[in-house]
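To start, the structure itself, in C-alpha cells.
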Amino acid sequence: MVTEGELPARRQWRLSANLPAFLLTVARAVVLRCCLDVILIISLPVLCLFVCFPRGRRWGMGPAPDRGLARAGAGLARALACPHRPRRRLPIGPLVAGQQRRRRRRGSAVAMSARTLPLLFLNLGGEMLYILDQRLRAQSIPGEKARKDEWTDVDRKRVMNDIITTMFNKKFMEELFKPQELYSKKALRTVYDRLAHASIMRLNQASMDKLYDLMTMAFKYQVLLCPRPKDILLVTFNHLDAIKDFIRDSPGILNQVDETFRQLIETYSCLSAGEFQLIRQTLLIFFQDMHIRVSIFLKDKVQNSNGRFVLPISGPVPWGTEVPGLIRIFNHNGDEVKRTEFTTDGNYVTPQREGSFDLYGDRVLKLGTNMYSVSRPVETHMSDSSKNLASRAKENIVPNPLAKEELNFLARLLGGLEIKEPGGSETGFRLNLFTTDEEEEHAALTRPEELSYKVINIEATQVRTVFQTFDSHHSALLRTKFHPE
Amino acid sequence: WCVLPSRVLLVLTSQKGIQMYESDGSIMVYWHALDVTEHPPAQAVFARGIAAAGGRFICVGTSSGLVLVFDIPPKGTNITVSEVLEQHHDAITDIAAELGQAPDGAGDLVTADDAGTLCIWSTGEEFTLLSKIPAFGCCCASVKLWNGIVAAGYGNGQIRLYEVATGLLRAEVNAHARWIYALDLAPQTGKLLSGAEDSFVHVWKLSRNPDTDDVEIEHCHAECVTDTQVCGARFCDPEGNSFAVTGYDLSEIYCYGRA
C-alpha cells in the first residue's frame, strides 16, 4: 500500500532523474522552434515575390533602363572590336537613358511586330550610305592633285568599305535577326553614330543630326508609299543591290552582304500580307510625327511645305489589286448578273509586272533606289515649332555653283585640324553635311530641343555594369518594399 | 465601346492583354492577360477585333487565331471566359456582330483573320460554327454584318458581300487602290463606309432586291482626304448622314456631313 509519505519521495526521484533530460528536450524544442521561425520569416516574403512577380516582368517600381540601348550598344561594340585596325577610343560618358532621365517610356498600345528591326536597320543604313557617298564624291579631289588632308576617291572607297564591313558584321547580323522589339530612337541613333565613325571619317554633331534626319525622312517616305505591304522587302532589296554596287571590287565584303541577303529572303519570304502589314505599321509608328522638310523632296514635289508627304492618287495599282471602279453582282447560283461602274478623282492603271524577290532581279519598284545620284545640295528644315526657325523656312532651291569650291577651300583650311592623332600614321577626315562650316555651327545652335538627339556613349564593359547596377538596384527596391514589418 | 442591353463597357486591346472599363472610364472592371506560351517565339502577341454579341457576350480575337468569348453579368466584375473559339489558324483581324435583323437560322457573328478566312457563328450559351468562307489569297482587314449580309474589306482594296445563310459571294467591288483599313455600317439605312490607304473614303448603299433576293450595292459618294492614309472611318449617326475620318500622322479627326 502506498502511503502518503512514500509517494512524494517516488515522485521526487522520478522528477529529479528526468529533469536534465526534460530540460534538454525543452531546450532543443525551443531552439528548433526559433530556427524554424527565422527561416519562415525570411523565406515567406521571398517565396511570395517569386510567385507574384516572376522574373522578367517589370512592375514599374523604378524607371526601366533602355534595354534596347544596352543591347544595341553591346552588339555593335562587339562588332566594332576589330583588333587589326587602329581605332580612336570613344570617350566613356555617363549613361543617360532611362535611369537618369526619368522620362516615361512611350508604351505602345497597338500590336507590334517582332521582326521589324532588320528591315529598319538595313534600310536606314542604305540611306546613310547613299548620302555619305554623295557628299564624299562632292568633296573629293583627284588623287594626284590632293594633299594629305583632302578627300580622294581612294579615301571615299575606303570609308564606304569600312562602314559596309562593320554594318554587315556576322555577329551583329545574328543579333539583329533575332525576334525582338524595335530599339528606341535614341538607341538607334547611337548605333548609326558608331557606324558612321567606323572609319577614318569624322562627323560633327550637327552634321550627324542632319544625316540622321535625311535618313529617317527618306525611309519614312519609302514605307509610306509602299504599294503593297510586301513591297517593303523590295525597298530593302533595292538598298542592298546598291550597297553591293558600292563594294563590287571587294569580294570578301560582297560575300557578307550576300549572306545577309539570303537571310532576309529566308526570314521574310514566307510571311503573309497581314504580317507584312503589321511590320509596316510598326515602322510607321516608329516614324510617327516626324515632319522634317527635306529640300530634295520639296523640290520634287513629294513633300508639302507643312512637312507631310504627297500621296499620289494616280499611277499603277499594287500588284494583286484591281483598278477601282467595277461592281459585280452575283445571284444565288454564283453567276454574275450585273455589272456597274463608278468613278472617282483617282486615275489608276494596271501594273506592268511584279518585282523580283530573288537574290538578283529587276525590283520594278523605284522606292529605295539612290535619289542622290544627281549631285545637288540636300538640306533639311525642322518643323516650325520654334519661332527662330520660321525665318529659315525659305529653302535654298538654286544650287550654289560655288559650293564645291567653298568645300575645297574649307577642306584645305580645316582638314585634320580638329582631329586628334590616334598615335599612328592615320588621320581622321571630317565630313560636313552642310554647304558651309558656319551653317553647320548655326544648325547645331538653333536645333530645337525636342528634335535633338542626345548621343549616348557606351562601351561593352559599361553595358555589363549597367545590367549589374540595374539588378542590384532592383533587389534593393525589392528588399525595401517587402521586408516584413 | 461594347453596347450590351444591360451596360456599356469600354474594351481595350493591347500587346499584353485585354482591359474592360466602365462606361465612364473610371474603373477597370476586368483584365485578361494574353498567354504568351501559346504563340511561337517569333510571332507578335496581341489582341485584335472586339464585338458585343448575343446580348451578354463580348468577343475578342487574338493573334493566335483564338476568339475569346467573355460572359458579362449585368453588373459587377464577375466576368468570365465562357468559351474559346478555335477555328482560325491566323491572327484575327476583326469581329462583327449582327447590326440589323438576321434572317432565321442565319448566324449573328462573323470573325475574320489574316489569311482572309471568314467564320460565321450563331451566339448563345454555346457558340456554333455555321459556315466558313474560304480565303481567296488576301487578308481580310475589316468586316461588318447586317441583315444577313457580310461586308468584308480586303487588303487588295476589294469589298466583298457574302450571304450569311449560304456563305456564297453575292457582290464584288473593286473599291480602293490600296489596303482597306476601316468599314462601318449605318444600320438604319444600310449605308456602308469604307476607308483605305489610298486616301479615299467611299459611301455605298446596300440593299436587297425583293424580287430576285439579290444583294445590291451602289456607290453613293467618294471623298478624297488629301495626302492622308485613312486608318479609321465611322458613321456619326445610325442613318449615315455624317461620318468622321482619321489617318496616319494626323492629329485631327475630320467630320463630313451631308449638305
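Chain A is the first sequence line, chain B the second, and so forth, proteins listed ahead of strands; every chain is numbered from 1.
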Is it the case that over 12 heavy atoms from other parts of the model lie below 6.0 angstrom from the CZ atom of B/Arg208? yes

Report yes or no: does B/Asp249 contribute a side-chain atom to a donor-acceptor pair with the main-chain N or O of A/Asp289 at less than 3.5 Å? yes

Taking every heavy atom of A/Tyr348 against every heavy atom of B/Asp198, the minimum-distance pair comes out as OH-CB, 3.7 Å

Indicate the atoms forming the closest heavy-atom contact of A/Ile313 with B/Cys224, along with that distance. CG2-SG, 4.2 Å

From OG1 (B/Thr226) to CG (A/Asp345), nearest 0.5 Å: 9.5 Å

Search all heavy atoms of A/Thr344 against all heavy atoms of B/Phe200 and return the closest pair with its distance. CB-CE2, 4.1 Å

From the list A/Gly320, A/Pro318, A/Gly325, the residue making the most non-hydrogen contacts under 4.5 Å with chain B is A/Pro318

Considering residues, nucleotides and ligands other than B/Arg258, do more than 12 of their heavy atoms fall under 6.0 Å from its CZ? no

Euclidean distance, A/Phe342 CZ relative to B/Asn174 CG, rounded to 0.5 Å: 7.5 Å

A/Lys338 atom NZ, over 12 foreign heavy atoms within 6.0 Å: no

Contact check, side chains of B/Gln229 and A/Leu311, non-hydrogen atoms, under 4.5 Å: yes

With chain A, the option among B/Ala175, B/Ser251, B/Gly137 that has the most non-hydrogen atom pairs under 4.5 Å is B/Ala175

Pick from A/Gly346, A/Pro324, A/Gly274: which one has the most heavy-atom pairs with chain B under 4.5 Å? A/Pro324

For the interface with chain B, which of A/Thr343, A/Val317, A/Asn304, A/Leu326 has the highest count of heavy-atom pairs at distances below 4.5 Å? A/Leu326

Does A/Arg328 reach the main-chain N or O of B/Ala171 with its side chain, forming a donor-acceptor pair under 3.5 Å? no

To the nearest 0.5 Å, how far apart are SG in B/Cys138 and CZ in A/Arg228? 10.5 Å

Could you tell me which non-hydrogen atom of B/Arg178 sits nearest to which non-hydrogen atom of A/Pro227, and how far apart they are? CD-O, 3.5 Å

In terms of heavy-atom contacts, A/Ile329 and B/Val215 come closest through CG2-O, 3.3 Å

A/Glu322 side chain near B/Glu172 side chain, heavy-atom distance below 4.5 Å: no

As an exercise: rank B/Gln158, B/Glu163, B/His202 by heavy-atom pairs under 4.5 Å with chain A and give me the winner. B/His202

Among B/Ala222, B/Gly155, B/Ala177, which has the most heavy-atom pairs under 4.5 Å with chain A? B/Ala177

I'd like to verify something: which residue of A/Lys178, A/Glu341, A/Arg308, A/Glu336 has the highest number of heavy-atom pairs under 4.5 Å with chain B? A/Arg308

Is chain B contacted by the side chain of A/Phe309, its backbone, both, or neither, given a heavy-atom distance below 4.5 Å? backbone

Can you name the ring pair (Phe, Tyr, Trp, His ring centres under 6.0 Å) partners of B/Tyr248, sequence neighbours left out? none

So A/Gln277 and B/Tyr181, do their side chains get closer than 4.5 Å, heavy atoms only? yes

With a 4.5 angstrom heavy-atom cut-off, which part of A/Arg339 approaches chain B: side chain, backbone, both or neither? neither

Whatever's closer than 4.5 Å to a heavy atom in chain B on A/Val323 counts as backbone

Between CZ of A/Phe276 and CG of B/Asp114, what distance do you get to the nearest 0.5 Å? 12.0 Å

Do the side chains of B/Thr166 and A/His332 get nearer than 4.5 Å, heavy atoms only? no

Is it the side chain or the backbone of A/Pro229 that comes within 4.5 Å of chain B heavy atoms, both, or neither? side chain

Looking at side-chain heavy atoms only, is the closest gap between B/Ile217 and A/Ile327 below 4.5 Å? yes

Please classify the contact between B/Glu216 and chain A as side chain, backbone, both or neither, with a heavy-atom cut-off of under 4.5 Å. both

Less than 4.5 Å apart, side chain to side chain, heavy atoms only: is that true for B/Asp90 and A/Ser272? no

